[in-house]
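I have placed the structure first, in the form of structure tokens, so that the comments after it can refer back to it.
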Number of protein chains: 2
Amino acid sequence: MSRVRLTDEDARFVEKYRPDAYPRPAVTVDLAIFTVIDARLVTLLIKRKEAPYRGRWALPGGFVRVGSSRKDQGESLDDAASRELREETGLPLDPGYLEQVGAFGEPNRDPRMRVISVGYFALVRPALGALVQAGTDASHAEWVSVKDAQKRTLAFDHESILTTALARLRERLGSSSVAFALVGKTFTIPELRAVHEVIHNQVLDPGNFRRRFLRWLEDGVIEEAPGRRITPSKPASVYRFCKSC
Amino acid sequence: MSRVRLTDEDARFVEKYRPDAYPRPAVTVDLAIFTVIDARLVTLLIKRKEAPYRGRWALPGGFVRVGSSRKDQGESLDDAASRELREETGLPLDPGYLEQVGAFGEPNRDPRMRVISVGYFALVRPALGALVQAGTDASHAEWVSVKDAQKRTLAFDHESILTTALARLRERLGSSSVAFALVGKTFTIPELRAVHEVIHNQVLDPGNFRRRFLRWLEDGVIEEAPGRRITPSKPASVYRFCKSC
DNA sequence: ACAAAAGTGTTAATTTTACACCCATGC
DNA sequence: GCATGGGTGTAAAATTAACACTTTTGT
């Protein structure tokens, strides 16, 4: 983020400035965290333990930490989202993938007060996804298939955040960094195809998918990796994402 | 926006709720308002009359009006953007086109306090664009070619908002509603092509462009309109956007 | 008549799609 | 050997790109 140096006049003005002249909204981040489990696209939902909407399912999220002084203005939005992701999943760092999808700020979306939420979508590897359930109070957090999640009545306007995030995920799936965030550190082409099929909810031609994929190999985005898969038929070759072959 | 009815418990809780427990950020909307003038893509910049960054050029924008009570939570983000658009351009309603591009909330992007800005991009017709300059204090607001705007050092992080907005505009240009927002109420194919050329900064084949365009005609998105253009060569036929032929 | 730009036609190149077929492996 | 699914080949279809050519206007 590029920022510009202050003039002396600006600096003097800042010292005099009185905040709180106008009411301010609270600002939160809410996350649609996706992974693939048992060939279903799932998202992490939290059962709210407090009002409002107590007992209802909601996207994980929380308030953005805003410093109380000019010197300390708190954390960035991305940092807030990343922090919530870690806190709610209990997973170690590994950002996986995290992208903002926009601000959601209709009045009265929260009955307590004016709250503006910045929506994110996040991806975690399936292998890690399985750990989340175990690490948390089972009744508190749950992987729910996106289809089911959209049928439940979520708290606040989380339904619309989820829908927007899902659309964004589908848009981004063509990009390699997104595509590889939902498979293991090593993977086969059929594994990757299965993920695409689940997300787009349609079967894909194996041959054609393979050809699209092979461009990434030619471009050096991925490389062959050692390893095998146990299969009831011909085993596929294993690849890995290649950030610095 | 779908929202869910409160339970009685929720309602009771809301009554007790004490806001202001944590510091809150100020929230603004900032707009990249585009139009085409003299075959240049231009955006409206405001010369700041107050600190911080006094005298520097900035995107038009302002604080989101947040009500001070639970009953009145103020205006929506879209409404705030739409209001600023009207206030800064002095143009009558006619939304033209307005779309959110995301939240920009790095700490210290504003030296006074933590400010989170929601960026929008807006389109106004060229014919209207010319009026804006006249209606405002000339030294206050100015149409600046996007290329020049990106060379000037804009206030805050407006450079990054502008860049993001421009990218979004280019993405959306294929959609009819966006494409037609930058030409007159009636227009010719060459006029429309000129707009595309300016925005994508490349010359387009007239024949091929025409064919792409004609699909919209077949789909009934547009229709022929009466009228002519004064030209030094063969005049093109005139069309109009057709919301309910 | 001439220049200029609209509009039409045609063809090659590229990408997408569909589907046949061979191959390696576990059982 | 046989079923299963990985991997390869190929050809039709659709889209894109390049460019020649005809038409209509103002001068």
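A note on names: the letters A, B, ... follow the listed sequences, proteins ahead of strands, and every chain is numbered from 1. Because only heavy atoms are used, hydrogens play no part in the values below, and waters and symmetry mates are left out as well, while side chains stay in.
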Item to complete: Examine the side chains of B/R168 and B/T164 and answer whether a donor and an acceptor come within less than 3.5 Å of each other.
Response: no
Practice prompt. Can you sort out which residues in residues 201-217 of chain B have a heavy atom within less than 4.0 Å of DNA chain C? Ascending by number, please.
Written response: B/G207, B/R210, B/R211
Item to complete: Report which part of the nucleic acid A/R229 touches: base, sugar-phosphate, or nothing (heavy-atom distance under 4.0 Å, all strands).
Response: nothing
Practice prompt. Please tell me which of the listed nucleotides, C/dA6, D/dT4, C/dT25, lies nearest to the side chain of A/S233?
Written response: D/dT4
Worksheet entry | Salt bridge flag under 4.0 Å for residues A/K47 and A/E142 | no
Response to the item:
Rounded to 10°, the helix from C/dA1-D/dT27 to C/dC27-D/dG1 deviates from straight, judged by its five-pair end axes, by 0°
Discussion item. Can you work out whether B/P190 or A/R228 has the more 5'-proximal nearest nucleotide on DNA chain C?
Written reply: B/P190
Item to complete: Mind telling me whether A/F209 and A/F213 have parallel, tilted or perpendicular rings, with 30° and 60° as the class edges?
Response: parallel
Discussion item. Counting C-beta onward and ignoring hydrogens, is there a side-chain heavy-atom pair between B/V64 and B/T28 closer than 4.5 Å?
Written reply: no
Worksheet item: Rounding to a whole Å, what distance do you find between B/E191:CD and C/dG7:P?
Response: 11 Å
Worksheet entry | Distance, rounded to the nearest Å, where B/R193 contributes CZ and C/dA4 contributes C1' | 12 Å
Item to complete: Tell me what B/S237 touches on the nucleic acid: a base, only sugar-phosphate, or nothing, going by heavy atoms under 4.0 Å.
Response: sugar-phosphate
Worksheet item: Taking A/P60 as the fixed residue, which of A/I33, A/D30, A/V29 is the one that meets the side chain to side chain contact (heavy atoms under 4.5 Å, CB included) rule?
Response: A/I33
Discussion item. With a 4.5 Å cut-off on side-chain heavy atoms, are A/L169 and A/F34 touching?
Written reply: yes
Discussion item. Take a 6.0 Å sphere around CG of B/D219 and say whether it holds more than 12 heavy atoms from other residues, nucleotides or ligands.
Written reply: yes
Practice prompt. Taking only Lys NZ, Arg NE, NH1 and NH2, and the carboxylate oxygens of Asp or Glu, determine whether B/E191 and B/R229 approach each other closer than 4.0 Å.
Written response: yes
Fill in: Whole-Å gap separating P (D/dG6) and NZ (A/K234)
9 Å
